[in-house]
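To start, the structure itself, in structure tokens.
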2 protein chains.
Amino acid sequence: MTKGKNTEQKILNAATELFLKKGVDRTSVRDIANKANINLALLNYYFRSKENLFITIFSRLMKKNSKKLIAILDSDISLEEKIEKYVAAYIDILLKNPLLVSFVLVILHRSSDKIIKLEAISYLYSTEKFTQQLIDEAKKGNIRKTNTTHFFVDMLSLITFPFAIKLLIKDKASLSENDFKTFIRERKKRIPRLLINELKLK
Amino acid sequence: MTKGKNTEQKILNAATELFLKKGVDRTSVRDIANKANINLALLNYYFRSKENLFITIFSRLMKKNSKKLIAILDSDISLEEKIEKYVAAYIDILLKNPLLVSFVLVILHRSSDKIIKLEAISYLYSTEKFTQQLIDEAKKGNIRKTNTTHFFVDMLSLITFPFAIKLLIKDKASLSENDFKTFIRERKKRIPRLLINELKLK
DNA sequence: TTTTTGTTTAAAACACAGTTTTATACATTG
DNA sequence: CAATGTATAAAACTGTGTTTTAAACAAAAA
């Protein structure tokens, strides 16, 4: 009965590795079974489907990484510092977890209602406290009034999209893998500046 | 012998319609053949593969729409006006062509080297004149010096990514389809402001 | 006209995918 | 010891994209 946990973990490990190396769609369930040295049927025994296996891995990865982001959004620091920390932390997470990037792309691509309502995702974007802070600071006259939805969308776009068009950027700007990482790290300063400029009173 | 063009067009029409309605991955070649009232084998006779059919449709759609964007980037207008027009035109294209959005997602998702080197894509992002203008204006002291790659990536991110997370935005902000379109149109003013702020001398 | 070439259809088969079924072993609990 | 839930294995099922084979037809070339 202890075998069970082992097998489940073996499947998760094999799947994670293959998903990372070849992408979700180019990884077959038979590949996973082979790599994990288990029978094909076990895969559907533990996880009902490949889709479910994918969502399990994705959700765990998200949960592991999103805590830090939520903590930043909910912390009692100045807006400016909050934006800087959030952007930097988010970028670090995406730099360290290529799987997360490709998973997000898979999810965006499928974009079914089911997936959007994943706990892992709605959890990550619980921005109540942050948006309230934007409203409060504007009322106090410290910053310009801004549409909070737009503001958060701006932030997410500037952080996330460059990862999605990584190949394009590398190609167009002739960047090596390391160059690209440097390019991305530069955005830790650039993005907060852009966003905070938008909030500054004239 | 005139039949040929007809059949090819019938396939393209059927595929376009189905790709739009059900998405590329959820559309089978048998679906397409049925809808076009042609034999399955003809599909591989005209287009070597489903992949190739997809790329053909995508490339035509891109070519049709990117001309206007390129024209704006290469025109002799002020930087400020250029950014405004480019953002507005790009957003209008994506609003009018949901297929383009979902195609871009498919391509981002697959992100193989082959696809990134499509003429349709590299053509769209020939930004030489635009980046030169950024450099020249900075030299003249009219704007702040900025990294042109970052600047273009910022612009693309702010324009494109919201379409990718459409479902998420609609869900989180409780927007109807029309609300979402309004939201997107609001960005025609917002995005240029953000970008031009970044260029303003302090 | 006859021949050749390009186009169209039909039916079947192929390889590979995700999934399901069936049967059997194992281990823990009652 | 029997019963029950868990674990494994092998094979089959369904649907996918693709290819093959054979036959028909129309238009262009000889």
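Below, read A as the first sequence line, B as the second, and so on, with proteins coming before strands; counting in each chain starts at 1.
Judged by distance alone, with hydrogens and angles left aside, the side-chain atoms of B/Thr182 form a donor-acceptor pair with the main-chain N or O of B/Asn178 at under 3.5 Å. With B/Lys21 contributing its side chain and B/Thr16 its backbone, the two residues share no donor-acceptor pair below 3.5 Å.
Between the CG atom of A/Asp31 and the P atom of C/dC16 there is a distance of 11 Å, given to the nearest Å. The distance between atom CG of A/Asn39 and atom P of C/dT20, rounded to the nearest whole Å, is 15 Å. In this entry the distance linking CG of A/Leu43 with P of C/dT20 reads 12 Å, nearest Å. Between the CD1 atom of A/Ile32 and the P atom of C/dC16 there is a distance of 17 Å, given to the nearest Å. We find that CG of B/Asn44 is positioned 15 Å from P of D/dT16, with the value rounded to whole Å. Atom pair A/Lys10:NZ and D/dT8:C1' shows a separation of 11 Å (rounding to whole Å applied). Taking atom CZ of A/Arg26 as the reference point, atom P of C/dG18 lies 13 Å away to the nearest angstrom. Remark: P of C/dT19 and CZ of A/Phe54 are 13 Å apart, rounded to the nearest angstrom.
Among the nucleotides D/dT18, D/dA9, C/dT20, the one closest to the side chain of B/Lys50 is D/dT18. For A/Leu42, counting side-chain heavy atoms from C-beta on, the closest listed nucleotide (D/dT8, D/dG17, C/dA17) is D/dT8. The nucleotide whose nearest atom lies closest to any side-chain atom of B/Ser49 is, among D/dT18, D/dA10, C/dA10, D/dT18.
For D/dA7, the OP1/OP2 oxygens have a side-chain nitrogen or oxygen of A/Tyr46 closer than 4.0 Å. For the pair A/Thr7 and D/dT8, the criterion of a side-chain N or O lying under 4.0 Å from OP1 or OP2 is met. Phosphate proximity of D/dT6 to A/Tyr45: absent, as no side-chain N or O sits under 4.0 Å from OP1 or OP2.
Under a 4.0 Å N-O distance rule, the pair A/Arg110/A/Asp25 qualifies as a salt bridge. Here B/Asp92 does not pair with B/Lys85 in a salt bridge; the nearest charged N to carboxylate O distance is not below 4.0 Å.
With hydrogens and angles left out, the side chain of A/Arg30 and the base of C/dG18 share a donor-acceptor pair within 3.5 Å.
Distance CD1/A/Ile143 to CD/A/Glu198: 10.0 Å, rounded to 0.5 Å.
Between A/Ser28 and B/Asn37, the residue anchored closer to the 5' end of DNA chain C is B/Asn37, taking for each the nucleotide with the nearest heavy atom. Along DNA chain D, the nucleotide nearest to A/Ile38 and the one nearest to B/Asp25 differ in position, and the one closer to the 5' end is contacted by A/Ile38.
Base engagement by A/Leu40 is indicated by at least one non-hydrogen atom pair under 4.0 Å involving a base atom.
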